[in-house]
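One structure is given here, and the rest of the page talks about it.
Chain identifiers are assigned alphabetically (A, B, ...) following the order of the sequence lines, protein sequences preceding nucleic acid strands; residue numbering begins at 1 within each chain. Predicted, not measured: the structure shown is a model, and the values here were computed from it.
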There are 2 protein chains.
Amino acid sequence: MPELVLPPRTRMTASRRAVVDAIGAHEGAFTVVEIFDVAREAHPALGLATAYRTVELLRRTGSVHPLGGGSYVRCRPDHHHHLVCVTCGGVEETELCAAPSDAELRKRHGFRAQGHELDIYGVCKRCA
Amino acid sequence: MPELVLPPRTRMTASRRAVVDAIGAHEGAFTVVEIFDVAREAHPALGLATAYRTVELLRRTGSVHPLGGGSYVRCRPDHHHHLVCVTCGGVEETELCAAPSDAELRKRHGFRAQGHELDIYGVCKRCA
DNA sequence: ATAACTGCAAACGGTTTGCAAGTCT
DNA sequence: AGACTTGCAAACCGTTTGCAGTTAT
């Protein structure tokens, strides 16, 4: 289970607890607004700006990863991808990640995604 | 070479030509604003809204694919991904696609992406 | 002739920011 | 006390839309 960690010198307050717990309980990709709606049930005074700020803190520690289009996923320790150089054959790892959203896969294919593997082909820095 | 095709009942005008040509000449991922800037050199009267509308037309025919975060790629005919069911082992294809942007890979890793392969694992519709 | 298309400017919606009040240590 | 955090509302910015004039077929 990946941990959801805040950066140093930050406090775990009731507002942040609500946001972190909502993310921890969520399956698959999420948007800040989705998390906000859930977190507000536990902590009705929560403001949307605080939800955005808390997700940003989690992103800084690498606890969550933006997929683009406003959606995020919790990062898993074993979740990384490969940059394969077509010139020298070298393989490098990257934590950069993007994949079709769970919602889109569900809607278009009835498919419930659990994880993915991504290999990117191109020319590495040394060969460029 | 993937074709850039407009939907039926649409006209190929000078404005659209400029946008389509700019996309055709572009390598890798692009944003609408980037394409707009290039297309406007060929057709200075071009409006930003028309650039957005034209990219949307190309998306409808599957000629380009949104990656999220506002960036797009031209779709290639051989560019599709796999949905692998962890229950029955079946493999389904999808045209849904997302990958880290070329710009991000370049900035973070000095890597020049050319293509990628993506396998998504989960539970298919029949097994759900 | 007429349905499609255009640029413009205003509207929109998600995200960020400034700030004065409140809270944790 | 003092740094950190909050919710609010205003600002921001990329994108979409309404519209009156123009163009392709």
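Taking every side-chain heavy atom of A/His43 into account, D/dG7 is the closest of D/dG7, C/dC8, C/dT17. Residue A/Ala49 has its side chain nearest to D/dC8 when only D/dC8, C/dA9, D/dT6 are considered.
Atom CZ in A/Phe36 sits about 15 Å away from atom P in C/dT16, given to the nearest Å. To the nearest angstrom, C1' of C/dT17 lies 13 Å from CD of A/Glu56. Regarding A/Asp37, its CG atom lies at a distance of 11 Å from the P atom of C/dG14, rounded to whole Å. Note: CZ (B/Arg60) to P (C/dA4) measures 12 Å, nearest angstrom.
Minimum interatomic distance between B/Val64 and B/Phe30 (heavy atoms only, all atoms of both residues): CG1-CZ, 4.1 Å.
Sequence neighbours left out, the pairs with a member in residues 31-50 of chain B that pass side-chain hydrogen bond (donor to acceptor under 3.5 Å, both in side chains) are B/Ser15-B/His43. Residue pairs meeting the salt bridge (Lys or Arg N to Asp or Glu O under 4.0 Å) criterion with at least one member in residues 54-66 of chain B, sequence neighbours excluded: B/Glu56-B/Arg59, B/Glu56-B/Arg60.
With sequence neighbours excluded, the residues that form a side chain to side chain contact (heavy atoms under 4.5 Å, CB included) with B/Val38 are B/Ala22. For A/Arg11, the salt bridge (Lys or Arg N to Asp or Glu O under 4.0 Å) test picks out no residue, with sequence neighbours left out. Here B/Thr61 pairs with B/Ser63 under the side chain to side chain donor-acceptor pair (under 3.5 Å) rule; sequence neighbours left out.
Residues from residues 6-23 of chain B with heavy atoms under 4.0 angstrom of DNA chain C, sorted by number: B/Arg9, B/Thr10, B/Arg11, B/Thr13, B/Ser15, B/Arg16.
In this structure, B/Leu48 and A/Arg53 both approach DNA chain C, and ranking their closest nucleotides by distance from the 5' end singles out B/Leu48.
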